[in-house]
Every structure is written in C-alpha cells, then in structure tokens.
Number of protein chains: 2
Amino acid sequence: MISLAMPRPSAPKSESTRALILASALAAFRERGFERVTMREVAASAGVALGAAYYYFDSKDALVTAFYEQAQAEILPALDRTLAQSRSLEQRIRAIIQHKLDYFAPNRRLMAALSSHIDPQNPLSPFSADTSRIREQDIACFARAVSDSGVKLPPSTLPYLPRLLWLYQMGLMLFWVYDRSPNQQLTTLLFDKTLRMILITLKLASLPIMRPLHRHAGDLLHAIYDADPNANFDQAPL
Amino acid sequence: MISLAMPRPSAPKSESTRALILASALAAFRERGFERVTMREVAASAGVALGAAYYYFDSKDALVTAFYEQAQAEILPALDRTLAQSRSLEQRIRAIIQHKLDYFAPNRRLMAALSSHIDPQNPLSPFSADTSRIREQDIACFARAVSDSGVKLPPSTLPYLPRLLWLYQMGLMLFWVYDRSPNQQLTTLLFDKTLRMILITLKLASLPIMRPLHRHAGDLLHAIYDADPNANFDQAPL
DNA sequence: GTCTATATGGAGATAGAC
DNA sequence: GTCTATCTCCATATAGAC
C-alpha cells in the first residue's frame, strides 16, 4: 500500500484557481464572443499567468468542455425532478430539451465553439469517447422519458429510440446555435413542429403499412449502433 | 467608355500560378491531412513565396473552397447526362449522390475541413451567401430529379422537396467524412437504407392519415424557407 | 497586377522557480 | 503540485519591388 493518498476526491487546494479561470473565461466569452477572446486575456482577467491557464485547461476549447460538464451536472437533477412528475412522452421530451435551451441561452454564442468539433476522434466532440459519460447520462434521460410512456414500436427499433431522440436534440441545438431570428423564434417553431410530427409518427408506426419501414430501420440501426467494435475501424486522425 | 478591358474573362496571365498553388495544396492535403499542412509548405512545394499563396487565396480555408468550386464545375455536366437518361426518382437521387461520393473519395479527409464551418455567416459555410451559387446549382439538380418523376405531395410541401433532398445529401456526406468503417461501408448502408425509406415515405405520403403531418410540415417549411428576409435578423457575428 | 520579404499577434509547449 | 517566464510555430497582414 503506497499511501492513503485519496482522502478528498478533489482537494480544495487550488480548485478555486481553476474555478476562477473558468469563470473569468465564461464571462469574457459571453461578453465578447469565444473567437475574439484570447487565452492571454482569460489569464489576465483571472489574474494569473498564461501558463497557469494552460495548466488547468489543455486548450482554449477545453474551457468549453469544462463548461459543458459543469452544465450537465447542474441540469441533471432538475431533469430528474421533471421526469418524476411522470407526464406524457411529449411533455417529457419537451421539458428535457426546453430546460437545456433555457439553461444554455445566456451562453448561446459559446455553444458555437462546441459545435465545430464533429469528428468523433476529437476529444471535444459530443460524439467522442472522452465525452461518453455526459452523452450516456443524457441518453439515459431520454430512456426514462420513453419508459412506461406506452410507446409502441417493434423490438427491432424500440431500443434505439432514446439514442435517436438524443440525436434529434443535438440537431435541434445545432440549429439553435446559429439561429439569428429574433429571440431564436425559428428554433421554437422547429422544435414545436418537429416534436409534434415525431409523436404523430410514433403513433402511426404501429400500422401494418409501416412494416417495410421498420425492417429497413431495424437493419440500419443495428449496423450503426451495434457494430462489432473490433471490426478494423480506421483509427487514423483523418 | 473607359476601355474594352474584358476581352478574356480570365487572362491566362498567371492563372497557371493559381492552379499550381491549388494543385500543390491538394496533393499535400491528400498526403498529410489538411490540419498538418502549413501554408508555408503549400507555398514552398509550389515554388512561390508565402505571400503569393495568400495573393491568390485569402486563407487556408479558401483553398478548400476553391477545390469545392472546381469540383462542382466538373461534376455538374456528368449529372446533367445522368439526369437526361430519365430514370426513376430513386435511381436519379442515387446517381447524383453516389457520383459525388465517388468524385470526392480521394479527397475525403479534406472534406472534413469544409464541414467544420456550419455557421451561415462564415463565407466558407455550405449555407453562406457566398456559396449560394454552388448551393443553388446543386439544389437545381434535385429539382430536376423530382420533376416529372410522378411524386405526389400536397402543394404546401412539394416545392421544398428539392431543398430537403439537398439537406439529406449534406447530412449523408457529413456522416461519410467521419466514417472510419472499412471502405466507408457504414455510409453505403446508411445511404441505401435511408433512401429506400424516403421513397417509401413519399409513397405513403398521399394516404389520408398523413394529413396532420402535412399541415405541420407545410407550416414549418414555409416559416423556415420563405421567412421575410427583412425581418430583423441578427447580423452580429455570434 | 504579381509577387517577395518581413512583421504581427496568438495558440500552445516547456523549463524550471517555488 | 502550482505557477511564471519564455519560446516556437503558424496563419495572416503589409510594405513595397518588379
């Protein structure tokens, strides 16, 4: 036994410095936009040297990831409460996504930085292995929203519904980030209309005429999500 | 009359230099990946000074745009021929998209650079005003594929079908760019399955039960695509 | 108009002080 | 472990030669 060296998971030693740097950065980003803010300014406004900022955050983008993680931690409990009030699937999904839009609204411009990394090999990507914890938590929310909601889907597609809803959320937020309409009203409309259409489609899905669609969807989803991870996928950085 | 100063639309003066720089850049990108290649290397391998490269191309990204424009010019005639052989809607769409995938395959990694600009305000974005000419040409292809194909859709949604198909194509290519499966076989499957599903859905669309979907879709599409451009949209750079 | 030489400013890396 | 000072490399800008 080397030592009992993990009594406090995150020693408050200088956790405060980290928090200070992050807070300064977010304030600057909100005020002047992510692109225009330099790491030098972040460090200066936090009262530390440039190297200190890089000691706590590997890159400028890492600040965004930290914000994203912090946000997730703050949002989850609220979603738990909302889901507990067991309402309809539509109301549950609406509540989940709307809560996130509201939460992120003050930092909407900052989210643009997040959305520029789509490559799953990029650690900052919402699809990367590094962000899988956040992603899984998020998908779990949709899984709870689906459970005991009475959705009727064949077993070949039902298991993928939470992941598809998560993907829907990501697409919606991507639109929102770049939505310049007054008060992002286009996003509101897109959200409302597409969600209604999804719910209608889920109801129609049990009709016999939809059978061929299910077959194709099931095949595709299985191949994409349950692909053998040992298949020789290319690990080169593009 | 100042002068007859436009006899040759693009004087071959040193159009060749431009072509040389572009070719050198593309070769380097193919070989070592867009990110790892510096403008210095591009200039050096073309045998010109750094400034010369910037004289012809405003930025490193502009090289990608130039490639994209060149590609579009080379692809269009081929698509014209394909569409003239008036086949079914499915075969037409399949031919259009497959031709692009084949054409871009050698430069697939380069396309990743294109896809990192989603912001419509970014000149390099496929959704920007600057790339509207390419975009419109591309959408026109899908419009021709739809025309006289016998698709039955209500007048509230039919006019948007070409644009939706274009969007479908963009999404598919985004997936393709980051698809590390052997020979991008996952993309092939995604393409095949989703296209079949789209065609089935278009056939089912005339059923009366689909009426509520059409209403929502029509409202949404009208708001998104036919929005008053004079509405006070935010022009700030995020 | 074409192009070279040189300058600027920022992201990220690192050596070592404490 | 925490942080400062300094360094490298690059995209991009610009002055001016031809």
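Just so we're on the same page: letters track the sequence lines, and every chain starts at 1.
Among the protein residues, V42(A) comes within range of no part of the nucleic acid, since none of its heavy atoms lies under 4.0 Å from any strand.
When the nearest nucleotides of DNA chain D are assigned to G51(A) and R40(A) by heavy-atom distance, the more 5′-ward of the two goes with G51(A). Ranked by how close their nearest DNA chain C nucleotide is to the 5' end, A53(B) and D58(A) are led by A53(B).
Ring planes of F127(A) and W166(A): perpendicular class, angle over 60° (limits at 30 and 60°). Relative orientation of the F67(A) and F104(A) rings is perpendicular, given thresholds of 30° and 60° on the angle between their planes.
Rounded to a whole Å, the CZ atom of R36(B) is 18 Å from the P atom of dC9(D). The nearest whole Å value for the distance from the CG atom in L63(B) to the C1' atom in dT12(D) is 13 Å. As a whole-Å value, the separation of F57(A) CZ from dC3(D) C1' is 15 Å. When rounded to the nearest whole Å, the span between CD of E35(A) and P of dT12(D) equals 12 Å. Atom C1' of nucleotide dA15(D) and atom OH of Y54(B) are separated by 18 Å, given to the nearest angstrom. Following rounding to the nearest Å, M39(B) (CE) and dA7(C) (P) show an atom-to-atom distance of 20 Å. In this entry the distance linking NZ of K60(B) with P of dG10(C) reads 19 Å, nearest Å. Per the geometry, CG belonging to L50(A) stands 11 Å off P belonging to dA5(D), to the nearest Å.
Between R94(A) and D192(A) there is a salt bridge, with a side-chain nitrogen of the basic residue lying less than 4.0 Å from a carboxylate oxygen of the acidic one.
Residue Y56(A) places at least one side-chain N or O under 4.0 Å from the OP1 or OP2 atom of dC3(D). The side chain of Y55(B) places no N or O atom within less than 4.0 Å of a non-bridging phosphate oxygen (OP1 or OP2) of dC3(C). The phosphate of dT2(D) has neither OP1 nor OP2 within less than 4.0 Å of any side-chain N or O from T17(A).
Around CD of E74(A), the count of heavy atoms belonging to other residues, nucleotides or ligands within 6.0 Å exceeds 12.
Put simply, the side chain of V64(B) reaches to within 4.5 Å of the side chain of L110(B), judged on heavy atoms.
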